[in-house]
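Take a look at the structure set out below.
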Amino acid sequence: MLQAIATVPRHLFFAPAFEAHAYQDKAFPIGEGQTISQPYTVAYQTQLLNLKPTDRVLEVGTGSGYQCAVLLQLTPHVDSIEFNEVLFTRTRQLLASLGAGGAGLYCGDGSVGLPDRAPFDAILVTAGAPGLPPALLRQLRVGGRLVIPVGGSQTQRMVRVTREGAEAFVREEFEDFRFVPLLGVGGWRS
Ligand code: SAH
């Protein structure tokens, strides 16, 4: 997992004027009011997913594409969905130019998942949710993991939900983080 972080050059996901900020352990604005997650956070969420190279992953919140590129180091089966059209278009071009075009990239409300591509072995939400979006739980395969920050607008607790059976879900809670809000019908809506 650390190897995956070490392999992906984070500065490529910054506008040239801001590249100097790429190797600080901080979140950074990427435009459209959104941020590229802190490297610590990317490592933390990625680790909780426990990915195997055969796993099918859905990332909700493509943003800069950095986390997506890290996931692609661990499995070739990555879908990622971004709500914001400007970021979606920009990041699709960037990932293609980096030769990281292997991910399935979608534009839309990922708080309802990607029903046509489900089930997933792992779902990673990179924006803060008010609760567990039911559609994401339904789209987990048995044995699958949902990693999602859940809480209010100021801080969110990292939560991992593992689907152990058709109706059996085990919830674990980890540290507190601060994410931009998850929008859409399974998020903060507006
Ligand atoms: N994983 C990103 C972090 C992006 S910040 C990276 O590595 O850079 C969170 C992203 O989630 C933002 O780009 C925001 O536009 C997006 N987002 C918020 N609500 C969403 C939703 N319902 N569906 C998909 N993307 C959403």
Side-chain angles (χ1 to χ4, degrees), residues 1 4-5 7-15 18-19 21-49 51 57-74 78-95 98 100 103-118 120 122-137 139 146-151 153 155-156 158 177-190:
M1 200 284 302
I5 301 271
T7 303
V8 178
R10 190 167 180 258
H11 70 270
L12 299 178
F13 299 87
F14 284 63
F18 301 120
E19 277 181 7
H21 297 268
Y23 297 102
Q24 299 177 354
D25 190 18
K26 288 184 181 154
F28 197 80
I30 54 173
E32 302 294 308
Q34 305 302 330
T35 52
I36 179 170
S37 298
Q38 186 179 354
Y40 174 75
T41 307
V42 172
Y44 197 98
Q45 291 199 288
T46 307
Q47 183 127 42
L48 287 179
L49 290 174
L51 290 177
V57 189
L58 172 65
E59 177 191 24
V60 177
T62 315
S64 70
Y66 174 63
Q67 169 81 70
C68 180
V70 169
L71 293 173
L72 281 168
Q73 297 295 315
L74 299 166
V78 179
D79 287 328
S80 184
I81 180 165
E82 170 57 50
F83 213 172
N84 182 291
E85 257 179 65
V86 174
L87 288 178
F88 167 75
T89 304
R90 198 216 285 162
T91 298
R92 184 176 49 177
Q93 285 167 358
L94 176 72
L95 287 172
L98 296 178
L105 299 179
Y106 299 82
C107 188
D109 178 8
S111 72
V112 296
L114 262 181
D116 293 349
R117 301 280 295 158
F120 297 96
I123 300 178
L124 171 59
V125 180
T126 68
L132 297 174
L136 298 185
L137 296 173
Q139 290 172 34
L146 167 66
V147 171
I148 179 169
V150 176
S153 57
T155 65
Q156 303 89 34
M158 195 65 72
F177 289 84
R178 184 177 184 142
F179 284 79
V180 297
L182 179 72
L183 306 178
V185 303
W188 294 95
R189 285 180 180 267
S190 56

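Remember, it's a predicted structure, so these values are computed and weren't measured experimentally. Remember, it's 1-based here, ligands and their atoms both numbered in the order they're listed.
Among residues two or more places apart in sequence or in another chain, the side-chain contact (heavy atoms from CB on, under 4.5 Å) test is passed with Ser111 by Asp109, Leu182, Val185.
Nearest-heavy-atom check against atom 18 (C) of ligand 1 across Pro181, Gly187, Gly110 picks out Pro181.
Side-chain N/O atoms of Thr46 and Gln67 include a donor and acceptor closer than 3.5 Å. Side-chain contact annotation: Glu59 with Ser80, donor-acceptor N/O pair under 3.5 Å present.
Listed by number with element, the atoms of ligand 1 under 4.0 Å from a non-hydrogen atom of Thr62 are 1 (N), 2 (C), 6 (C), 8 (O). Against a heavy-atom cut-off of under 4.0 Å, Ser37 is close to the following atoms of ligand 1: 3 (C). Which parts of ligand 1 touch Gln67 is read off a 4.0 Å heavy-atom cut-off, strictly below it: atoms 1 (N), 7 (O).
The side chain of Gln34, and not its backbone, has at least one atom closer than 4.0 Å to an atom of ligand 1 (non-hydrogen atoms only; side chain from C-beta on). Residue Val180 touches ligand 1 through its side chain alone, judged by heavy-atom distances below 4.0 Å.
Not a single heavy atom of Glu32 sits closer than 4.0 Å to an atom of ligand 1. Contact annotation: Gly108 has at least one heavy atom less than 4.0 Å from an atom of ligand 1.
Of the protein's non-hydrogen atoms, Phe83 N, 3.2 Å is the one closest to atom 25 (N) of ligand 1. In this structure, atom 22 (N) of ligand 1 lies nearest to the protein heavy atom Leu183 O, 2.7 Å.
Checked against the 6.0 Å centroid threshold, Tyr44 and Phe177 count as a close aromatic pair.
Under the 4.5 Å side-chain criterion, counting only non-hydrogen atoms from C-beta, Ile123 is not in contact with Val147.
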